[in-house]
Student: 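Sharing a structure here in structure tokens format.
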Amino acid sequence: MGDWVWDGGRPCLDLVNTVRDRYLAGRELLREPADLAEWLRRAELADAVPAEDQLRAARELREAVDRAVRAERPDPADVELINSFARDRHRAATEIRLAGNGSAVAWTPPPADPVRAALGALAADAVDLITAERAQRVRICASDRCGIRFVDASPARNRQWCSMARCGNREKARQHYARRKAGS
């Protein structure tokens, strides 16, 4: 699928951006488990095919994160949902294993459920973003035809576009054309 965008600045916002065209009714990019599998693989979070209930869970997490990162005071239900996923991240502790030659090597066992672990990692990223100082402010692209959420980490905290390559250049060209047309 060619519609994935990675301009959120955080993995949890990249998940939020799997609904495009929110300025309209929204266009769902995670329509079936295979879509979520591809997104997780491209995001380098998991290489597994999720079940239908995991797809529903990913969508629920996505919407809770979207509401929580934009709210001044997140809804307690969204906080609890995000926390429940974050507790489920299944980060296995690194263990010491003995190699064939008797030397000690570090080994981290793979998670029992890679999709669940990936959703947990996304939730943990959302917790980090929501609880961070507001130096990292979540914004919505200023283009009236976009709606992508992103972290504004610009020095002046005045970034307007999800990316200059997509919306910024297009909007600047539109404004330039309008000025030239008005001047003729």
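In this chain, numbering begins with 1 at the start of the sequence shown. All of these numbers come straight from a predicted model, not from anything done at the bench.
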Student: Are Leu15 and Leu45 linked, directly or through other ILVMFWY residues, by side chains that come within less than 4.5 angstrom of each other?
Tutor: yes
Student: Main chain of Arg159, side chain of Arg157: is a donor-acceptor contact present, judged purely on distance under 3.5 Å?
Tutor: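 No: the side chain of Arg157 does not pair with the backbone of Arg159.
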Student: Would you say Trp6 and Val16 are hydrophobically clustered, going by side-chain heavy atoms of ILVMFWY under 4.5 Å?
Tutor: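 Both belong to a single hydrophobic cluster.
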Student: Check for a donor-acceptor pair, side chain of Asp78 on one end and backbone N or O of Pro74 on the other, with a separation under 3.5 Å.
Tutor: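 The answer is no, because no donor-acceptor pair under 3.5 Å joins these two groups.
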Student: Judged by atom type as modelled, is there a donor-acceptor pair below 3.5 Å linking the side chain of Asp125 to the main-chain atoms of Cys12?
Tutor: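 Checking the backbone N and O of Cys12 against the side chain of Asp125, a donor-acceptor pair under 3.5 Å is found.
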Student: Between atom CG of Asp14 and atom CZ of Arg42, what is the distance when rounded to the nearest 0.5 Å?
Tutor: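 Separation between the atoms: 11.0 Å.
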Student: Identify the two heavy atoms, one from Trp161 and one from Cys141, that lie closest to each other, and give their separation to 0.1 Å.
Tutor: CA-SG, 3.9 Å
Student: Which residues pass the side chain to side chain contact (heavy atoms under 4.5 Å, CB included) test with Glu60, sequence neighbours left out?
Tutor: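 With neighbours one apart ignored, the set is Leu81.
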Student: Would you name the heavy atoms of Ala68 and Ile130 that are closest together and state the gap between them?
Tutor: CB-CD1, 3.6 Å
Student: Take a 6.0 Å sphere around CZ of Arg27 and say whether it holds more than 12 heavy atoms from other residues, nucleotides or ligands.
Tutor: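 Yes, CZ of Arg27 has more than 12 neighbouring heavy atoms, counting only those of other groups under 6.0 Å.
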Student: What residues form a side chain to side chain donor-acceptor pair (under 3.5 Å) with Asn101, not counting sequence neighbours?
Tutor: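 Checked Asn101 against side chain to side chain donor-acceptor pair (under 3.5 Å); matches are Ser103.
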Student: Indicate yes or no for a side-chain donor-acceptor contact from Arg20 to the backbone of Thr18 under 3.5 Å, with no hydrogens or angles considered.
Tutor: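 Side chain of Arg20 to backbone of Thr18, a donor-acceptor pair under 3.5 Å: no, none is there.
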Student: According to a 4.5 Å side-chain heavy-atom criterion applied to Ile, Leu, Val, Met, Phe, Trp and Tyr, with indirect links allowed, do Val115 and Val65 form part of one hydrophobic cluster?
Tutor: yes
Student: As an exercise, state the distance from SG of Cys167 to CD1 of Ile148, rounded to the nearest 0.5 Å.
Tutor: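 Nearest 0.5 Å value for the SG-CD1 distance: 6.0 Å.
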Student: Show me the side-chain donor-acceptor pairs of residues 46-55 shorter than 3.5 Å, one per line, residues at least two apart or across chains.
Tutor:
unit_1	atom_1	unit_2	atom_2	d
Gln54	OE1	Ala51	N	2.9
Gln54	NE2	Asp113	OD1	3.3
Gln54	NE2	Asp113	OD2	3.0

Student: Nearest 0.5 Å, what's the CG-OG distance between Leu61 and Ser84?
Tutor: 8.0 Å
Student: Hey, could you give me the CZ/CD distance between Phe85 and Glu80, rounded to the nearest 0.5 Å?
Tutor: 11.0 Å
Student: Does Val138 offer a backbone N or O that forms a donor-acceptor pair with the side chain of Arg149 under 3.5 Å?
Tutor: no
Student: Which value, rounded to the nearest 0.5 Å, describes the distance between Glu38 atom CD and Leu30 atom CG?
Tutor: 10.0 Å
Student: CD1 of Ile96: more than 12 outside heavy atoms within 6.0 angstrom?
Tutor: no
Student: Side chains of Asp128 and Arg10: closer than 4.5 Å at any heavy-atom pair?
Tutor: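 SC-SC contact between Asp128 and Arg10 confirmed.
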Student: Please evaluate residues Glu63 and Val19 with respect to the criterion side-chain contact (heavy atoms from CB on, under 4.5 Å), reporting the C-alpha separation (whole Å), side-chain torsions for both, the decisive distance (0.1 Å), and the verdict.
Tutor: CA-CA 9 Å; Glu63 296 310 309; Val19 170; 3.8 Å; yes
Student: Nearest 0.5 Å please: distance from the SG atom of Cys146 over to the CG atom of Asp21.
Tutor: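 Result: 8.5 Å between the selected atoms.
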Student: Taking all non-hydrogen atoms of both residues, which atom of Ala86 and which atom of Val127 are closest, and how far apart?
Tutor: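 Nearest pair, atom of Ala86 first, then Val127: CB-CG2, 4.3 Å.
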Student: Output yes when a side-chain donor or acceptor of Asp66 lies under 3.5 Å from a complementary backbone atom of Arg62, and no otherwise.
Tutor: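 Absent.
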Student: Under a 4.5 Å cut-off applied to non-hydrogen side-chain atoms, are Leu122 and Leu119 in contact?
Tutor: yes
Student: Could you tell me which non-hydrogen atom of Glu28 sits nearest to which non-hydrogen atom of Arg31, and how far apart they are?
Tutor: O-NH1, 3.3 Å
Student: Applying a strict under-4.5 Å side-chain criterion to I, L, V, M, F, W and Y, I'd like to know whether Leu40 and Trp4 cluster together.
Tutor: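 Linked within one cluster.
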